[in-house]
Number of protein chains: 2
Amino acid sequence: MELTDRQKQILRAIVDIYVSTAEPVGSKAIAALPDVCYSSATIRNEMADLTQMGLLEQPHTSAGRIPSPAGYRLYIDELMQDYRLSLDETKSLNEALELKSQEFDKMMSQVGKLVSKMTDLPAYTVATRRNEAVTKHFDLIMAGPGSIILVLMLSDDQVRNKLIKLPVAVTEADLKLLAAVLNASMTDLTAEQINAELLEKITRTAGAASALVPLVIDFTLECLRQQHGDVHLTGQMRLLGQPEYKDAAEKAQEVFETLDEDMISNLPAVLPKDGPVQFLVGPENVAKELKDTSVVMMRFDIGEGMQGTIGVVGPTRMDYAKITAKLGYFAENLGKMFQKGGAATQPALTDGTDASNK
Amino acid sequence: MELTDRQKQILRAIVDIYVSTAEPVGSKAIAALPDVCYSSATIRNEMADLTQMGLLEQPHTSAGRIPSPAGYRLYIDELMQDYRLSLDETKSLNEALELKSQEFDKMMSQVGKLVSKMTDLPAYTVATRRNEAVTKHFDLIMAGPGSIILVLMLSDDQVRNKLIKLPVAVTEADLKLLAAVLNASMTDLTAEQINAELLEKITRTAGAASALVPLVIDFTLECLRQQHGDVHLTGQMRLLGQPEYKDAAEKAQEVFETLDEDMISNLPAVLPKDGPVQFLVGPENVAKELKDTSVVMMRFDIGEGMQGTIGVVGPTRMDYAKITAKLGYFAENLGKMFQKGGAATQPALTDGTDASNK
DNA sequence: GCTTAGCACTCCTTGGCTCTGAGTGCTAAT
DNA sequence: ATTAGCACTCAGAGCCAAGGAGTGCTAAGC
C-alpha cells in the first residue's frame with residue numbers, strides 16, 4: 001500500500017531528525033519544521049498510522065517515534081535525498097586522498113583509515129578480482145645458501161613472493177633453467193589449467209631444481225585461487241562515539257566481537273553486484289549481534305581485472321545520505337586515480353614487504 | 001628505604017588481589033589469606049605505612065587500598081613471581097602458533113591477533129631491523145605496455161616490489177640490460193653508499209631504460225632507510241572487557257584515540273634494549289591519555305638481520321606476571337620457528353600482495 | 001614493644017520514593 | 001479533514017535513608 005505524500009514527508013522528517021539527534025522524535029518537533037503546515041495532532045494521527053504499518057517504532061508508550069528497520073529501508077529506497085558535500089567537506093576529502101607513494105595493500109588500508117576518519121565510523125576496504133586471474137611471470141632469486149625467493153606475477157598486476165627453504169643445494173644456473181621452464185610452459189594459465197600432467201612435464205624438464213616444482217605449483221595455485229585480497233577493517237572504536245553505545249560498553253563489546261575481518265568477508269555482498277552502492281540495514285545483517293548495525297558499501301574500479309569495495313559500519317540510525325555521498329566521492333576519485341594510472345611516481349600501486357627468515 | 005619482608009608480602013598480596021578483582025583491597029581480605037598470620041589490625045598499620053611511602057593509594061577514606069604506579073613498579077622489579085603457564089594454557093598457545101604458510105607481514109599481523117586473543121588485551125607486533133640493510137638483487141618485469149614491476153631484494157630477506165608506470169616505452173631487452181647493470185653495480189650497498197656519482201654512472205650505462213634509474217634509486221633508498229616494518233595493532237576493543245572501562249565509554253574512547261599504530265611506533269622502546277622484556281607502567285607512558293595504561297613488550301629474534309617485538313597494552317592494573325609469561329612463551333616459540341627456518345613449506349616468511357593499476 | 005580486639009567514624013553504594021515533563025491517544029469542536 | 005484540549009503514561013532526575021565495607025585510633029594482651 002502506497003504512502004501518501006504527507007506520510008512520506010513525515011517519515012523522512014523523522015528519519016532525518018532522529019539520525020542527527022538519536023532521540024525519539026515527537027509530533028511537536030515535526031510540526032515545528034518550517035515546511036510542515038499541519039498541527040501536531042494531525043502529525044500524531046499519521047504517526048500512529050505509520051507505526052501500524054511497521055515503519056515506525058515507539059520505545060515506550062509515552063515517547064516519540066523512531067524509524068523501524070523497514071522505515072529505514074523505505075527511506076533509503078525512496079525518500080533519501082542526495083546529500084551534497086559542502087566545500088569544506090570536499091576539501092578535506094581531497095586532502096585525505098593525497099596518498100603518498102605506497103604499496104597497494106598499504107594503500108588500501110590507508111584508504112580505509114581515511115574513510116573511517118571522514119565518516120567517524122568503522123570502515124573497511126577490500127580488493128576483489130573481477131575475472132579469473134592467470135599466471136604471467138615467474139622469477140627465482142637466490143637468497144642465501146639453501147633458500148630462494150619465488151616471485152610470481154599475476155595478470156591483475158599482483159606480485160607475490162615467497163621465501164622457500166630447500167633441503168638440497170641448487171645453483172644459480174639451476175634456478176635460471178627452472179625459471180625459464182616455468183615461464184615457457186606456465187604462462188597465461190588459470191588455476192584449472194594447472195594439472196598433474198603439466199606438473200609432471202615440468203618436473204621432467206626442470207633439471208637439478210626439480211624438487212622445487214611442487215612448492216612452486218602449490219604457491220601458484222594458492223595465489224590464483226585467492227578470490228579477494230585482505231579485508232582492511234579499521235576504526236571500530238569509533239562506534240563508541242555513537243550515542244547508542246554511551247554507557248553501553250557491554251553492547252559495544254558484543255558488536256566488536258562479531259565485527260572483524262572474517263565477518264566482513266562473509267558479507268552477502270562484499271562486492272555489491274546490483275549497483276555501485278548497497279545497504280544492509282539492521283536485521284538484514286546475518287549476525288544477530290549486528291541487528292542494530294547497518295553497513296553501507298560502495299564499489300569502485302581498479303583497472304581491468306580488479307575492483308575494490310569500501311564500506312562503513314554504523315548504528316542503524318545513521319546518516320545514509322551523507323555517508324553514501326562521502327563514499328561515493330571517495331570511490332569516484334579512487335577510481336580516477338587508478339584509471340589514469342598515476343604519474344609514474346604518484347599513486348604507487350605496488351605491494352612490498354617481506355619476509356625474513358634465516 | 002628498604003621494605004620489611006612483611007611489607008613486601010602485603011604489597012604483593014594487594015597487587016595480586018587487586019589485579020584479579022579490580023576492587024580496592026581491604027585489610028581483612030589480606031588477613032584472610034592462608035599464608036598471612038597477622039590480624040587485620042596489623043595489616044592496617046602496615047598498609048598505612050605503605051600508603052605513606054607512596055606505594056599504595058586510597059580511592060577514598062573508607063575504601064581499601066590499591067597499588068600506586070610506584071607500587072606496581074616495585075612489584076614488577078622485585079616482587080613479581082614467575083607465573084607458570086598451565087598445561088591448558090600452553091596447549092592453546094601451541095594451537096595458536098600453528099600458523100599456516102603465510103607471507104611475513106600477514107604472519108606478523110596474525111601473531112598480533114593471537115597474542116591479543118590469548119591475553120584478552122590489545123596487542124601489537126613490529127619487526128625491526130637490527131643491522132643496516134644492504135641491497136641484494138634487482139629484478140625488472142614487464143607488466144604491460146608502459147608499466148613495469150620493480151622487484152628489490154634486501155639483505156634481510158625482505159622482498160619489496162613496486163609497479164612503475166613509464167611515459168616512454170621500453171623493451172624486454174632494455175629491462176634486462178638495466179637489471180644487469182643494477183645488479184652489477186648496486187649489490188651489497190647501504191643507503192649511504194648510494195650517491196649521486198653512482199647514480200650518474202648507472203644512468204650512463206643503462207641504455208634505453210635510463211629514465212627508470214631515478215625511480216629505482218628512490219624506491220631503493222626508501223626501502224633501505226625504512227627502520228622498522230609496519231606496526232600491527234589489534235584487539236584494541238578488548239580493553240572494553242576490563243572493568244575500568246565498564247560504563248566509561250568516554251574514557252575508553254579517549255584511550256582509543258591515542259592508541260594507534262603511530263603511538264606504538266613512538267614508544268620509547270619499540271624494541272626494548274635492556275632485556276628481552278620491558279614494562280611501561282601507567283604514567284611512565286608519554287601520552288597523558290594513557291596514564292592509566294601499561295605496556296608490556298617482549299623482544300624475539302627473527303634471523304640475523306631482524307628482530308621482532310610483541311607487546312600488550314592494558315590497564316595499569318594488569319597481571320604482569322601472567323602476561324609476561326605468555327609473551328615469553330610466544331617469543332620463544334616464534335624465535336624457534338624463525339630460527340630453524342621452517343621446513344621449506346611451513347612458516348612461510350614471505351610477503352606477497354600486490355598491486356593493481358592499469 | 002609488637003600485636004590485636006574493639007569501637008566510633010567515614011563515605012560509597014543501593015534501593016525506593018516522588019516529581020517532572022515530554023509525549024501520546026482520544027474526543028469534541030471547527 | 002483538521003485541530004484544540006485534556007487525561008493518562010512512563011522514563012529519568014533528584015533526593016533520602018539504610019546498609020556495609022573499611023579505616024584510624026586506643027587500650028589491652030603476649
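When reading the values below, keep in mind they use all heavy atoms of this one structure, side chains included, and skip hydrogens, waters and symmetry mates. Naming convention: chains lettered A, B, ... in sequence-line order (proteins, then strands); numbering from 1 in each chain.
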A:R65 side chain: which of D:dT2, C:dT4, C:dT24 is closest?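 The closest nucleotide is C:dT24.
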
Please report, rounded to the nearest Å, how far the [atom2] atom of [N] is from the [atom1] atom of [X].
X     : N      : atom1 : atom2 : result
A:E46 : C:dT24 : CD    : P     : 14 Å
B:D49 : C:dC2  : CG    : P     : 12 Å
B:Q7  : C:dC2  : CD    : C1'   : 14 Å
B:I66 : C:dC12 : CD1   : P     : 14 Å
B:I43 : C:dT3  : CD1   : P     : 10 Å
B:Y38 : C:dT4  : OH    : P     : 8 Å
A:I10 : D:dT2  : CD1   : C1'   : 13 Å

Considering residues at least two apart in sequence or located in another chain, which fulfil the ring-ring contact (aromatic ring centres under 6.0 Å, His included) criterion with B:Y72?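 For B:Y72 the ring-ring contact (aromatic ring centres under 6.0 Å, His included) partners, ignoring immediate neighbours, are B:Y320.
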
ring-ring contact (aromatic ring centres under 6.0 Å, His included) partners for B:F256, two or more places apart: none

In chain order, what residues pass the side chain to side chain contact (heavy atoms under 4.5 Å, CB included) check against [X], with sequence neighbours excluded?
X      : value
A:R44  : A:S27, A:S40, A:A41
A:T258 : A:A287, A:E289, A:L290
B:N45  : none
B:R12  : B:D16, B:Y75, B:L79, B:Q81

Give me the distances for all protein-to-nucleotides 25-30 of chain D N/O pairs that come in under 3.5 Å?
none

Using side-chain contact (heavy atoms from CB on, under 4.5 Å) as the criterion, point out the one residue from B:V296, B:T316, B:V313, B:N285 that pairs with B:L280. B:N285

Under the side-chain hydrogen bond (donor to acceptor under 3.5 Å, both in side chains) test, residues paired with B:Y329 that sit two or more places apart: B:N94

Would you say the side-chain atoms of B:T42 pair up with the backbone N or O of B:Y38, donor to acceptor, closer than 3.5 Å? no

Within residues 12-28 of chain B, the residues having a heavy atom closer than 4.0 Å to DNA chain D are B:G26, B:S27

Among residues 55-62 of chain A, which contact DNA chain C at a heavy-atom distance under 4.0 Å? A:Q58, A:T61, A:S62

Show me, pair by pair, the donor-acceptor contacts under 3.5 angstrom made by side chains of residues 233-240 of chain B, not counting sequence neighbours?
unit_1	atom_1	unit_2	atom_2	d
B:R238	NE	B:S116	O	3.4
B:R238	NE	B:S116	OG	2.7

Atom pairs and distances, side-chain donor-acceptor, residues 56-67 of chain B, under 3.5 Å, sequence neighbours left out:
unit_1	atom_1	unit_2	atom_2	d
B:Q58	NE2	B:T61	O	3.0
B:R65	NE	B:T51	OG1	2.8
B:R65	NH2	B:T51	OG1	3.3

